[in-house]
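Structure record follows, encoded as C-alpha cells.
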4 protein chains.
Amino acid sequence: MQVLKDEVRNNILTAAKKLFYQKGYNNASIRDIAKNSGITVGNVYRYFENKESVLEGVVSPVYEKIMDYIALSESYIKAGENKSFEDFRNEINSYILQITKEFRLELLILFKGTQGTRFEKTRSELISLIENRIYEGLFKRLSMEDDEAAFFSKIVARSFLESLIMVIAETEDNRKLKKMIYRLNDFYFNHLNSRFDPED
Amino acid sequence: MQVLKDEVRNNILTAAKKLFYQKGYNNASIRDIAKNSGITVGNVYRYFENKESVLEGVVSPVYEKIMDYIALSESYIKAGENKSFEDFRNEINSYILQITKEFRLELLILFKGTQGTRFEKTRSELISLIENRIYEGLFKRLSMEDDEAAFFSKIVARSFLESLIMVIAETEDNRKLKKMIYRLNDFYFNHLNSRFDPED
Amino acid sequence: MQVLKDEVRNNILTAAKKLFYQKGYNNASIRDIAKNSGITVGNVYRYFENKESVLEGVVSPVYEKIMDYIALSESYIKAGENKSFEDFRNEINSYILQITKEFRLELLILFKGTQGTRFEKTRSELISLIENRIYEGLFKRLSMEDDEAAFFSKIVARSFLESLIMVIAETEDNRKLKKMIYRLNDFYFNHLNSRFDPED
Amino acid sequence: MQVLKDEVRNNILTAAKKLFYQKGYNNASIRDIAKNSGITVGNVYRYFENKESVLEGVVSPVYEKIMDYIALSESYIKAGENKSFEDFRNEINSYILQITKEFRLELLILFKGTQGTRFEKTRSELISLIENRIYEGLFKRLSMEDDEAAFFSKIVARSFLESLIMVIAETEDNRKLKKMIYRLNDFYFNHLNSRFDPED
DNA sequence: CATGAATGAGGGTTCATTCAT
DNA sequence: GATGAATGAACCCTCATTCAT
C-alpha cells in the first residue's frame, strides 16, 4: 500500500468538513476531528501537516475553482472583451451553481469559517471582482455621485455574495437553488435605474 | 459606593467594547480587557460573572433596544394596526439610525462578533421581524409561489440587514450614513414588481 | 505587590538551573521545571515568556559578563594595546574565577547545555578570542608551518577552555579552583618552545 | 537468508551513522533513519529493539575496540608490566589512529553524541585509563601534593582525549591527522617538569 | 520478512477562572 | 473592594514504538 489510506484521509476530511462547518475553523480542534474520524490525534498528522493543512484539504478544491474563475474573468477584462453585465451575471451564476453542486459545504466553510487563515481573503477577492463589474456595468451609468456609486457598488457586491451564500446555506435542492439564484439576480440587478428615481 | 463601582464597570465596558470590536469576542482575552481598563484580571470578575457577561454588558443596551423595538413592532401587528411597508421602512430606518448614533460599535459587535454566544441569535430575531414585514408587505403580492415568496423574504431580510451593518461599519459620518441607508432602501425595496416580470 | 513575586521567580530559576544542568536545555521540560518549583505549568508562563526565556533567565547574567569581557578584550586589541600573552592569561583567569564565584552552575549550563538555543555560540566566541591570543602570543613564534600553527591554536584554545570548564565542574571549593586554574595555565602554556623540539 | 538481512541492517546503520553524526542522537528520528535507509519504520524494529539499539549498532564496533584496548591495557598493569608513559603514548596513539581509519564517524558519535544513553560513560572509562597512566607515569613524580596530582591527572586526561576528538573531527586526511596527533602529544606531555617550576 | 498506519505519552503554550491575601 | 498569582484544562504538535495485514 504505497499511498496513505484514502479511506482514513476521507474520514478526516469528512469529519473536519462537518466540524469546520458547524463550529468554524478556530473552534474545531484536532482532537474533535480525530475523534469524529475514529482515529487518534497523532494519526491525523500522518495525513496532514498541521491544522491549516486539514482546512486546505477541505477547502482547496473550491478555492482553486474560485481563484481560477477570478483569474479567467480578469483576463477577459484585460483583453478588452467587455461583456455586458447581463453576461457577467449569467457567467457567475452558472459558475456558482456548478461549484455548489460538487462542494456545497466546502464553499460555505470557505466563505464563512476561515477567519485567521490564509483563505480569509477569498471572499473579499471575489467581492472585489463583482464590485468592479457592478460599478462598470451598472452604477456608473446612474445619476449618482461617483464616490457614492463606488461605495454602493461595494455594498451591493458584498450583499449579493452574502445572499448567494445564504441561499446556498439554506437550499440543499439544486433545482430550487438554481431558481432562487435567478430570482436573486432579478432582485438585485433588474431595473436599477428606476429604483433611484427621486420622484419615487 | 455606587459611584466608584460604576466608573470601574464603565472602564471595563469601554475597554471590552474596543477590543471586541477590533478582535472579536473570541480573540479578545480577559487579560487584554483588564489591562486596557486599568484594573486587574481578578477584579473584572467582581463586576462580571464571566467573559460572556462582559459581552452582555457591552451589548445589552443595544440588544434591549432592538428587542424592545421587535416587541413593539410585533404588538402593533397583533393589535391589527397594519401599517404599510413604506411606514415600516421609515420606522426601522429611523430606529436603526437612532441606535447607531448612540451605540455604533455595540451594534456592530452584536451583529458581527458574537459567534458562539447567546447573542448569536439576535440578528436572526431581527431578521425574522423584517422577514415577516417583507413577506406581508411586499412579496405576498407578487406573482410568486407562496413558499418561494416566504423563502425569498427571508433571504432579502437577511441581506438587507447585512447591508445595513456593512454600511454602518464603513460609515462614521451620520449624515452620510442616513443618505446611504435611504439609498439602500431604494435599492432593496423600490419597484419590486417590475424586477420579477418574466419578460425581462 | 507591583512586581511578580521574586520568590516564585527564583524558585523557577533555581529549579531550571538544576534541571538544565542535569539534563541539558532540551531534555528538561517546562512540566519538570514547574513541578520542581512547586507551581503549575501555566504559572511558569506568568514569569517567563517561553522556555528559552527561562534559559535566558538562568544564563544571561553569566552570558553578559562573558560578552562584556570579549568586547573589552577586543577593544584593547583594536586600540593597539598589545598585551603579552602572560597578561592575557592573568586577565582571563581572573575573569573566569570571578564569574565562577557567583555563577558556577550557570557558566556550566551556558557552555555545556544550550545546544539549539541562541546561546549555543557563546563558547565558540570565547574560544575565538583565546585562539587569536594563542596564535599571536604563542604559536606564531614557534617553528611551525603557519596553517598548522593556526589549526593548533584552535585546538589548544578549545581544549584549554574545555579544561577550564571541567575544572569548574569538578571543583566547588574556590581556593582549590584558583590553584587548579593556575596549574592549568602552567600546564597549557609554559615552555611551549621546548615541547616541540624535534630532538625530544 | 542472512545476506539480505545483513544488507538491510547495514543500510540502517549507514543511515543512522550519518544522521547521528549530523544531528546527534536525540534529534535524529527513527523516521529519518528509516527513510534514509530506504525501508520502513516498522522494519527498523525487526533489526533493532529500539532506538538505543540502533545507536549501539552504530557505535559498538568502536566501543568494543576501545573496551578491548582498555581491558588489555589494564591487564598489562595487573601483570606488573610497567611500561613507560612514553610507551603508553605510542600505544594509545597508534590505537586511536587505527580505529579512526576504520571508524572515524562512529568514534565521533560515541564521544560526542551519546548524551543520555548508556554510552555516555565510554568516554569516562577511557579517560579513566589515561588518567591512571598519566598519574602513574607523569604527575606522581612531580612536586605536587598527591590529591592535586590525582585531580590534575583526570583533567589532563579528559582534556587530552577532548583534543584528540577535536582533531579527529576536523581532520579527514589521515596523514595530517597522524601529524597532528603527534603534535598534540608533544604539546600535552613533553617537558612536564619544567612547566610547573615555581620560578616561572 | 516487510509494511506503514496507528497509538499514546509527552512536548510547549494559552487562557478563562479562582482564591489567598 | 481589589490584587494578581495560581490553577487546570485545553490547545497544536512530535515521535518512539506497536501491530494488523
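Computed from a predicted model, the values in this text were never measured in an experiment. Naming: A, B, ... by sequence-line order, numbering from 1 per chain.
Protein atom CG of A:N27 is 13 Å distant from nucleotide atom P of E:dC15, rounded to whole Å. Here E:dA16 presents its P atom at 16 Å from CD of B:E49, a figure rounded to the nearest Å. Between D:K51 atom NZ and E:dA9 atom C1' the separation is 16 Å, expressed in whole Å. As rounded to whole Å, 12 Å separates atom P of F:dA6 from atom CZ of C:F48. A straight line from CG of D:D6 to P of E:dC1 spans 10 Å, rounded to a whole angstrom. Across the protein-nucleic acid pair, B:N43 atom CG and E:dA16 atom P stand 17 Å apart, rounded to whole Å. F:dT21 atom C1' lies 14 Å from atom CD of A:E7, rounded to whole Å. Rounded to whole angstrom, the span from the CD1 atom of D:I39 across to the C1' atom of E:dT3 amounts to 10 Å.
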- Task: Please test B:N50 against B:S53 for side chain to side chain donor-acceptor pair (under 3.5 Å), starting from the C-alpha separation and ending with a verdict.
- Result: CA-CA 5 Å; B:N50 52 33; B:S53 294; 3.1 Å; yes
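D:K51 forms a cation-pi arrangement with D:Y25, by the criterion of a distance under 6.0 Å to the ring centre and an angle within 45° of the ring axis.
Here A:E162 pairs with A:R123 in a salt bridge; the nearest charged N to carboxylate O distance falls below 4.0 Å.
The pairing partner recorded for F:dC13 is E:dG10, the criterion being a Watson-Crick or G-U wobble arrangement whose two distances lie under 3.5 angstrom. E:dA20 and F:dT3 make up a base pair, with Watson-Crick or G-U wobble contacts both under 3.5 Å.
Contact annotation for A:T40: base contact, defined as any heavy-atom pair under 4.0 Å involving a base atom. Among the protein residues, A:V41 comes within range of the nucleic acid bases, having at least one heavy atom under 4.0 Å from a base atom.
Proximity note for B:R46 (side chain, C-beta onward) versus F:dG1, F:dT7, E:dA2: the nearest is F:dG1. Of all nucleotides listed (E:dT17, F:dC12, F:dA16), F:dC12 comes nearest to the side chain of A:S29.
Comparing E:dC1 with F:dT21, their C1' atoms are spaced 13 Å from each other, to the whole Å.
Ranked by how close their nearest DNA chain F nucleotide is to the 5' end, A:D32 and D:G42 are led by A:D32. Position along DNA chain F of the nearest nucleotide to B:G38 versus A:I30 favours B:G38 as the more 5'-ward residue. Annotation: of the two residues near DNA chain E, B:Y25 and A:R31, the 5′-most nearest-nucleotide partner is A:R31. Comparing B:E52 and C:A28 by the nucleotide of DNA chain E whose heavy atom lies nearest to each, the residue mapping closer to the 5' end is C:A28.
Using a 4.0 Å cut-off, no side-chain N or O of B:N50 falls inside it from OP1 or OP2 of E:dA16. Between A:Y45 and F:dT14 there is no side-chain N or O to OP1 or OP2 distance below 4.0 Å. Between A:Y47 and the phosphate of E:dA6, there is a side-chain N or O to OP1/OP2 separation shorter than 4.0 Å.
Of all heavy-atom pairs between B:P61 and B:E56, the closest is CD-O, 4.5 Å.
Using bins of under 30°, 30° to 60° and over 60° for the plane-to-plane angle, the ring pair C:Y63/C:F119 lands in the perpendicular bin.
C:N11 and C:T14 share no donor-acceptor pair across their side chains, judged by distance under 3.5 Å alone.
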